[in-house]
2 protein chains.
Amino acid sequence: MSPATPTPRSRRERPAKPALTGPGIVATAVGLMRSEGLERVTMRRLAQELDTGPASLYVYFRNTAELHAAVLDELLGEVDLGVTAAAAGPLGWRDRLARILSSYIEVLYEHPSLARSALVTRPRGERYLDLVEALLTVLAEGGMEGERAGWAVDLLLQYATATAAEHGTRRQADDTQEEWDALTETLRGARQDRHPRIAAAADQLVSGSPEARRTWALDVLLNGILTAPAPDGARG
Amino acid sequence: MSPATPTPRSRRERPAKPALTGPGIVATAVGLMRSEGLERVTMRRLAQELDTGPASLYVYFRNTAELHAAVLDELLGEVDLGVTAAAAGPLGWRDRLARILSSYIEVLYEHPSLARSALVTRPRGERYLDLVEALLTVLAEGGMEGERAGWAVDLLLQYATATAAEHGTRRQADDTQEEWDALTETLRGARQDRHPRIAAAADQLVSGSPEARRTWALDVLLNGILTAPAPDGARG
DNA sequence: ACCTGAACACCGTTCAAGT
DNA sequence: ACCTGAACACCGTTCAAGT
């Protein structure tokens, strides 16, 4: 099986070590994230995967945050924007907007730490622009344009991103459950004298499935965007 | 200057090394955060500050996330809840709610990384409960109780926390500015063929001061909470 | 129960040197 | 311009051993 002439280990394991390219690196990073989670998509671990040293990656990304931003943009390619056009079907604009945002949330749900990084480093890749464009398109159909629409996009995406960061799975389902139980217990155990309203409303504070809450939150946001006074950015 | 009998270095520098206690550790951690930022509030750095080894801290906190949660709760003591009671002044409930949330945002603005950690590990300390209790009190005055109020608290705090995580200062003002410029440039440079709406609305997407946006967002949320159908947690 | 030193298994980033 | 080895300055967490 092994060749007569010994080959360096690294060459044998990765027969055709590909030249480094930006897209190639990102593709490898995405694969690594899928198999081991974003936590493992570190400069060092990724370099190892690419059969090189960590310093090499700094030619393509200024830092780890930029690397993660590139991974995020790649992942955003999975968001379903198929319902953007009014011609796409019988759904009204509100439902189509909800579909797009739900798809976005679901994509990020698998990678909450990516959602967290999106909250810090604002994305601005091509796929992200596609998403923003889609949201603006649907909002325009709902009669929203200009400042109101621009700010609405921001608020809607912030909500969706934060929700994925908060509730996303893959954060060791055990931990999440444990934490939730602890919170529930804390609320239920609130003392009548100091936190009477919490004590009374403990169940309502933790009620509802994530889906029910999400549906409600999107209703809140859209109703609010439609009824709040139009923003005036020039004033700020 | 130096005593005749040599004293171990550590004892000389911290004359009365205090015994470790939960509150004492948190107080030291808060001080460390104020002087060097949350990034430096690591188990190792904190242990060094306390003149001990990192392993000792695991008696008090199961992990770094718990430590940061304790720091956050301490910091929440600074949130101004003085306007909670209707008797506090002439302000209507909406304005009082906005005051409380703005105070919360401002407290977290100085420590965006703490806000980020709050988004992941749900807080449940005493000060956090005080904040929730205050919000429930003001919402009740606006006629909101039960499920609607409970879910509203969640959504309002999520918005506030995410906003602080996103826009908080202290994240190297330079970096933030640079990132913002890059985003603006990206939006302005959107290609007419692929992202026409972004190209048209670029200025509206980035317009407005943080304060103007915050005011608008709170309007949106409150209007939405008041007009969206009451949630039904039992259904979810 | 509380505290510790030492170890294990990692990190990001920079820099001088190579091609 | 791109790539690299090596180094610097850190991390979180566990464990066996002490008090």
Side-chain angles (χ1 to χ4, degrees), chain A residues 8-11 13-14 16-26 28-29 32-33 35-71 113-114 116-117 120-121 171-172 174-175 178-179, chain B residues 8-11 13-14 16-26 28-29 32-33 35-71 113-114 116-117 120-121 171-172 174-175 178-179:
Chain A
R9 205 172 184 275
S10 60
R11 290 202 179 271
E13 288 191 347
R14 285 175 211 296
K17 175 184 169 180
L20 292 181
T21 66
I25 295 171
V26 174
T28 305
L32 191 55
M33 180 183 67
S35 58
E36 308 188 11
L38 187 72
E39 294 68 29
R40 289 275 179 260
V41 184
T42 64
M43 291 296 204
R44 293 184 101 105
R45 180 73 185 77
L46 179 57
Q48 180 189 320
E49 202 71 9
L50 290 163
D51 222 352
T52 181
S56 308
L57 300 177
Y58 284 80
V59 175
Y60 300 93
F61 307 100
R62 283 199 309 171
N63 50 47
T64 307
E66 263 194 20
L67 167 63
H68 286 177
V71 169
S113 37
L114 210 47
R116 261 163 265 154
S117 90
V120 180
T121 307
R171 208 172 79 225
Q172 228 63 326
D174 292 353
D175 267 36
E178 206 179 289
E179 216 186 292
Chain B
R9 203 170 184 277
S10 60
R11 287 201 181 270
E13 288 190 347
R14 287 172 209 297
K17 175 185 168 180
L20 292 181
T21 65
I25 295 172
V26 174
T28 304
L32 191 55
M33 180 182 68
S35 57
E36 309 188 9
L38 188 72
E39 293 67 31
R40 289 274 178 259
V41 183
T42 65
M43 291 296 204
R44 293 185 100 105
R45 180 73 185 77
L46 179 59
Q48 181 188 320
E49 201 72 7
L50 291 163
D51 220 353
T52 181
S56 307
L57 300 177
Y58 285 81
V59 175
Y60 300 92
F61 307 100
R62 283 200 307 171
N63 51 45
T64 307
E66 264 194 20
L67 167 63
H68 287 177
V71 169
S113 38
L114 210 47
R116 260 164 265 154
S117 92
V120 179
T121 307
R171 209 173 77 226
Q172 229 63 325
D174 293 351
D175 268 35
E178 206 180 291
E179 216 185 293

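Throughout, protein chains are lettered first and strands after them, A, B, ... in sequence-line order, and every chain is numbered starting at 1.
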Send over the distance from [X] [atom1] to [N] [atom2], rounded to a whole Å.
| X | N | atom1 | atom2 | result |
| --- | --- | --- | --- | --- |
| B/Tyr60 | C/dC2 | OH | C1' | 7 Å |
| B/Glu36 | D/dC10 | CD | C1' | 13 Å |
| A/Leu57 | D/dG5 | CG | P | 12 Å |
| B/Glu39 | D/dC11 | CD | P | 12 Å |

Considering only heavy atoms from C-beta outward, does the side chain of [X] approach that of [Y] to under 4.5 Å?
| X | Y | answer |
| --- | --- | --- |
| B/Leu32 | B/Arg45 | yes |
| A/Thr28 | A/Leu46 | yes |
| B/Leu50 | B/Leu57 | yes |

Gap separating the CE atom of A/Met33 from the CD atom of A/Glu39, nearest 0.5 angstrom
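Separation between the atoms: 10.0 Å.
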Pair pattern of DNA chain D in dot-bracket, where unpaired bases get dots and | marks partners in another strand, Watson-Crick or G-U under 3.5 angstrom
||.|||||...|||||.||
What does A/Phe61 touch in the nucleic acid at a heavy-atom separation under 4.0 angstrom: a base, only the sugar-phosphate, or nothing?
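No contact at all - A/Phe61 keeps every heavy atom at 4.0 Å or more from the nucleic acid.
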Using the [atom1] atom as the reference point in each nucleotide, state the distance between [N] and [M] in Å, no decimals.
| N | M | atom1 | result |
| --- | --- | --- | --- |
| C/dC10 | D/dA9 | C1' | 14 Å |
| D/dC2 | C/dC15 | C1' | 15 Å |
| C/dC3 | D/dT14 | C1' | 14 Å |

Minimal non-hydrogen separation, [X] against [Y], with atom names:
| X | Y | answer |
| --- | --- | --- |
| A/Val120 | B/Arg116 | CG2-CD, 3.0 Å |
| B/Phe61 | B/Val26 | CZ-CG2, 3.8 Å |
| B/Ser56 | B/Leu20 | CB-CD1, 4.0 Å |
| A/Ile25 | A/Tyr60 | CD1-CD1, 3.3 Å |

Please produce a list of atom pairs where a protein N or O lies less than 3.5 Å from an N or O of nucleotides 12-14 of chain C.
| unit_1 | atom_1 | unit_2 | atom_2 | d |
| --- | --- | --- | --- | --- |
| C/dG12 | OP1 | A/Met43 | N | 3.2 |
| C/dG12 | OP2 | A/Met43 | N | 3.2 |
| C/dG12 | OP2 | A/Arg44 | N | 3.3 |
| C/dG12 | N7 | A/Arg44 | NH1 | 2.7 |
| C/dG12 | O6 | A/Arg44 | NH1 | 2.5 |
| C/dT13 | OP2 | A/Tyr58 | OH | 3.0 |
| C/dT13 | OP2 | A/Thr64 | N | 3.1 |
| C/dT13 | OP2 | A/Thr64 | OG1 | 3.2 |
| C/dT13 | O5' | A/Tyr58 | OH | 3.3 |

A/Ser56 side chain near D/dT4 phosphate (N/O to OP1/OP2, under 4.0 Å):
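Yes, because at least one side-chain N or O of A/Ser56 sits under 4.0 Å from OP1 or OP2 of D/dT4.
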Please check: side-chain N/O of B/His68 versus main-chain N/O of B/Val41, any donor-acceptor pairing under 3.5 Å?
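Yes, B/His68 side chain to B/Val41 backbone: donor-acceptor pair under 3.5 Å.
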